[in-house]
Amino acid sequence: MDSVDGCCGLRKTDSFQKAQAGSNPKKVDLIIWEIEVPKHLVGRLIGKQGRYVSFLKQTSGAKIYISTLPYTQNVQICHIEGSQHHVDKALNLIGKKFKELNLTNIYAPPLPSLALPSLPMTSWLMLPDGITVEVIVVNQVNAGHLFVQQHTHPTFHALRSLDQQMYLCYSQPGIPTLPTPVEITVICAAPGVDGAWWRAQVVASYEETNEVEIRYVDYGGYKRVNVDVLRQIRSDFVTLPFQGAEVLLDSVMPLSDDEHFSPEADAAVSEMTGNTALLAQVTNYSPTGIPLIQLWSVVGDEVVLINRSLVERGLAQWVDSYYSSL
């Protein structure tokens, strides 16, 4: 793997402190605030089709989702993440609408036992076989093809710090581009959204146009980009396991007359998976090794199998053990 360790290596602490001090207003300390929400209020907090939690996110600027585990209890957890200003604004809005809610922060920071240097090099954080885990959908390729993160996994908290360090590093000029011809499967740094820099893997090359296709290994999704926008990645930036797991919905296929899922099916999955934590269980694997999953949403006492719901809405067909019959 090509890597460059000189990239702001000696001065990254200084740069980080300057950013914290205000020389870079785009990057501020992120805080996490979690509050308990009784089950009978969860539906109102999320709102019809996720509208109220979407309003909260847009108005406050904070990242907000409702955690589903342990879903057997009488409460669920509302997770709020952002700058102090964003979190305060979100809490203020929630407090005005739900005066009975206790807004005390119950978040306990993870123990620092899993510091980055002790983690194995460039490993993928895979979904475990046959065990139900809590996930959030971070990218949707189509109705049956998603990328998820295990946001309750002990390594997940380190991704936020990594994002900050990569932003500081790759926002500087003079960082080396990838050697050409670009090697397929190489890990690199690629522009993300809103000025961010994310870890990515090259999965295809188009030499005639000087482009490659990349897969974002933490935030999911595929993108075709010019080779020149990619940068060599520093070796310590690949110690954290890749957080974005690529999955397919098990037993769900496009309607018989269609080669692809319809825009309506894509929108339905986006609506069912957005703005909330979900439950996933690996039940099979595709011929190319991608996990096939059952995916549930939990709102209050209602548990909905998204795979089945898509079929019941007439947007997909149910195919038992499709891949095992190939």
Side-chain angles (χ1 to χ4, degrees), residues 1-30 63 115-125 138-139 141 147-149 155-246:
M1 178 183 303
D2 294 301
S3 65
V4 50
D5 293 331
C7 159
C8 55
L10 296 175
R11 301 181 57 190
K12 66 180 180 181
T13 304
D14 292 341
S15 301
F16 190 69
Q17 288 170 344
K18 286 177 184 174
Q20 302 289 349
S23 63
N24 186 344
K26 288 185 180 179
K27 284 292 171 185
V28 296
D29 275 334
L30 294 179
K63 176 182 175 182
L116 285 181
S118 66
L119 295 169
M121 191 82 161
T122 58
S123 57
W124 290 84
L125 183 58
V138 288
N139 184 275
V141 179
F147 284 85
V148 299
Q149 290 176 341
T155 62
F156 179 76
H157 74 282
L159 181 60
R160 190 167 59 255
S161 172
L162 176 66
D163 286 344
Q164 290 180 324
Q165 291 293 335
M166 287 188 63
Y167 171 83
L168 290 166
C169 181
Y170 293 104
S171 296
Q172 300 180 36
I175 309 304
T177 55
L178 293 185
T180 53
V182 175
E183 181 185 346
I184 305 299
T185 74
V186 73
I187 303 297
C188 60
V193 299
D194 298 331
W197 282 85
W198 292 344
R199 301 187 298 180
Q201 182 179 39
V202 175
V203 295
S205 178
Y206 307 94
E207 291 184 17
E208 64 279 5
T209 58
N210 197 39
E211 292 178 310
V212 294
E213 186 174 13
I214 59 172
R215 170 176 54 186
Y216 291 110
V217 298
D218 295 304
Y219 293 101
Y222 291 88
K223 190 175 184 180
R224 186 164 168 166
V225 299
N226 192 288
V227 172
D228 297 336
V229 306
L230 304 177
R231 297 291 181 266
Q232 294 182 38
I233 195 159
R234 217 171 66 189
S235 59
D236 60 314
F237 287 162
V238 290
T239 54
L240 179 70
F242 302 143
Q243 299 290 307
E246 187 171 11

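All values below come from the heavy atoms of this structure, side chains included, with hydrogens, waters and symmetry mates left out.
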Once rounded to the nearest 0.5 Å, what's the spacing between atom [atom1] of [X] and atom [atom2] of [Y]?
X: W197; Y: C169; atom1: CH2; atom2: SG; answer: 9.5 Å
X: D218; Y: Q149; atom1: CG; atom2: CD; answer: 7.0 Å
X: T185; Y: E183; atom1: OG1; atom2: CD; answer: 5.0 Å
X: F237; Y: C188; atom1: CZ; atom2: SG; answer: 13.5 Å

Can you find a pair of side-chain heavy atoms, one from I214 and one from V203, that are under 4.5 Å apart?
-> no
I need the minimum non-hydrogen distance between [X] and [Y], along with the two atoms involved.
X: T239; Y: R199; answer: N-NH1, 4.5 Å
X: A158; Y: L240; answer: CB-CD1, 3.8 Å
X: Q172; Y: I175; answer: O-CG1, 3.5 Å
X: T177; Y: D228; answer: CG2-O, 3.9 Å
X: I187; Y: I233; answer: O-CG2, 3.6 Å

Tell me the ring-ring contact (aromatic ring centres under 6.0 Å, His included) pairs involving residues 172-191, sequence neighbours left out?
-> none
By side-chain contact (heavy atoms from CB on, under 4.5 Å), which residues pair with E207, not counting sequence neighbours?
-> P181, S205
For T180, all residues meeting side-chain contact (heavy atoms from CB on, under 4.5 Å), sequence neighbours excluded = V182, V227
Return yes if a side-chain donor-acceptor contact under 3.5 Å exists between T155 and Q243, otherwise no.
-> yes
Does the side chain of D194 come under 3.5 Å of the side chain of Y167 through a donor N or O and an acceptor N or O?
-> no
Take R231 and L178 through the test side-chain contact (heavy atoms from CB on, under 4.5 Å) and record every step on the way to the result.
-> CA-CA 6 Å; R231 297 291 181 266; L178 293 185; over 6 Å; no
Partners meeting ring-ring contact (aromatic ring centres under 6.0 Å, His included) with F156 (sequence neighbours left out) = none
Partners passing side-chain hydrogen bond (donor to acceptor under 3.5 Å, both in side chains) against N139 (at least two apart in sequence or in another chain) = none
Counterpart residues, side-chain hydrogen bond (donor to acceptor under 3.5 Å, both in side chains), relative to Y216 (two or more places apart) | none
By salt bridge (charged side-chain N to carboxylate O under 4.0 Å, His left out), which residues pair with R215, not counting sequence neighbours?
-> E246
Passing option when V212 is tested against V202, N226, V186, I184 for side-chain contact (heavy atoms from CB on, under 4.5 Å) = V202
Donor-acceptor under 3.5 Å (E211 side chain, R224 main chain) = no
Under 3.5 Å, is there a donor-acceptor pair between the side chain of T209 and the main chain of Y206?
-> yes
Which of these passes ring-ring contact (aromatic ring centres under 6.0 Å, His included) with W198: Y219, Y170, F242?
-> Y219
